[in-house]
Amino acid sequence: IVPIMSNGNNKVMWTLTATALVGVGVGVAAHWLFQKWSHGNKNKDSNSIESSSSPSKTATGLDVGDVDERTSRHAHAAVDHANPLIEDEQFSRNRMFFGEENQKKLEEAFIIVIGLGGVGSHAAHMIARTGVKKLRLVDFDNVTLSSLNRHAVATRNDVGIPKVRACAEHFADVVPACEVDARVEMFTADMADELLSGNPDYVIDAIDDVNTKVDLLLACNKKNLKVLSALGAGGKSDPTQILIGDITDPVRDPLAAKLRWAIRNRIVDKTASDEDNTERYKRAIANIHVIYSCEEPKAQLAQLTDEQKDNPEQYGAVPNFRIRVLPVLGTMPAVIGIGASSFVLCELANKPFDPLKIQSISHNFAHKTHNRLVRREAKEFGNNANKEGGLGIADQLEVTYILERVWKMRSSFDFERNRATTRNMNLTRFDRSKPALPYNIVLLTEQEALWLDRETKVTGSLAPMLLQNCEHMEVDYSQYNNKPSTSSDVSKEQISLEGLKEDKKDRGTQQPSSSSSKVKKPVHPSLQRKAPSLETMQHVHSKLLAMEEEWKRL
């Protein structure tokens, strides 16, 4: 402060300056005294919290008195965690998205996450942040330095402690009301009843060992529990190729291939027929969803050292686990884990989404499928879209949409996807009286398509079983003026998928010469199906009618 000297007012100005300096000094002193008082009260409150909570357990389920000093920073989680005003604000965005009632369902849900590495930790982390108040975390392993590149919450201070404990402690900082049952256990078939107890609403499998995954998936199937299994994230880098589907969908995931083989090998009964074993396999995988990447791996397992080759049993976390290290870009487990949590949360909150289950159809595959549709239209329905009066036919982009989004590369009648059906898929009309546009096209195997074309030719519209509201073998064909489309009379029993192949051979009018004859491969068992049930046909019809309504509205 510089005094102003002018017009003989020196004495007055010096007086004002002194007064200002005294005022500033008093203010600084008061502020310093307040800070000292506030700091003393804060320490007093902190000490009282520690002393009151030390004999009991925190919200993580860990005994504060038995843990080291690093855990004391989480002790506050046990204090005033149920403040409704704080919780209302913390989960306000969730309520806006899910709605009040559905958010409450989530908060009351019970979810188990098994495997708390890169994928599982991110899945559990987001589930806790969404407000789920009951979690069980299962993992036998400890946090390591090399796992910090992908773990959701672990820090260097957590290295050496169980992964489930690291997650439980950190979750308590964010969602104190979340009850975390942290189990430092390895999942085995013998432990299944205990670790899956409590009637969980969903199980997330984030295990990276094939045999242990099979134990878990078969245990979930036995208990009729919903399970989402995360497949391989190692060696991959493109998050745009992550998909969620059935266990039969992944085609570029080595872990998925091993998993399917292992499950089939476990449940097969060598004394039973192929049909019975197929049904057993279908039941075993019925409730299994998978989240996976269809990307080709960009890196391979690290090679074993000479020492590891000589004594492999001395390495690995536990006996019979893989020893070779898999390169992992930390972003991929994170995206897969968050994707898994999003799928599970939306399912439980009655706001499910319809994920893309399969990799994008190649331009070449879509082109060939479209060409087969055009040829079928000309041959079976006498329709040429390029000629005057011709009916419209779905273009190649629409065919791609039908394959990927509508039928997801599955038979419209059987809803399954395997190598045999994928290579023998055809598009045809569901209702013969309507054009071959997306709302009237079904994806079928060749045998199924031939059967449907013959059925609809009898009526000129829908299959007789739909019009008569009965199962296929109960259809009365005599009420139609037109006979089935064959060169000779075909009995009611012959108009079926099983009789189609033999019937087609009987109608042949020309026997090929021995020099030009070719031995045809037998039809794959998955293609030798019976006619679809009335329920299946009604489901397909309803889906197409909804599509037609939306198509015409747009």
Tell me yes or no: between the side chains of [X] and [Y], is some donor less than 3.5 Å from an acceptor?
X      : Y      : answer
Glu380 : Thr428 : no
Thr155 : Asp158 : yes
His370 : Glu398 : no

Salt-bridged, [X] to [Y], with N to O below 4.0 Å?
X      : Y      : result
Arg372 : Glu446 : no
Asp193 : Lys223 : yes
Arg165 : Glu169 : yes
Arg376 : Asp453 : yes
Glu550 : Arg553 : yes
Glu107 : Lys104 : no
Arg410 : Asp249 : yes

Q | Non-hydrogen side-chain atoms of Pro200 and Leu225 separated by less than 4.5 Å | A | yes
Q.
Suppose we screen for salt bridge (charged side-chain N to carboxylate O under 4.0 Å, His left out). Which residues come up paired with Asp354, at least two apart in sequence or across chains?
A.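 Here the qualifying residues are Lys408.
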(Q) Check for me whether the distance between the ring centres of Phe343 and Phe353 falls short of 6.0 Å. (A) yes
**Q.** Donor-acceptor under 3.5 Å (Thr369 side chain, Phe365 main chain)
**A.** yes
Q. NZ of Lys351: more than 12 outside heavy atoms within 6.0 angstrom?
A.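 Counting other residues, nucleotides and ligands, NZ of Lys351 exceeds 12 neighbours.
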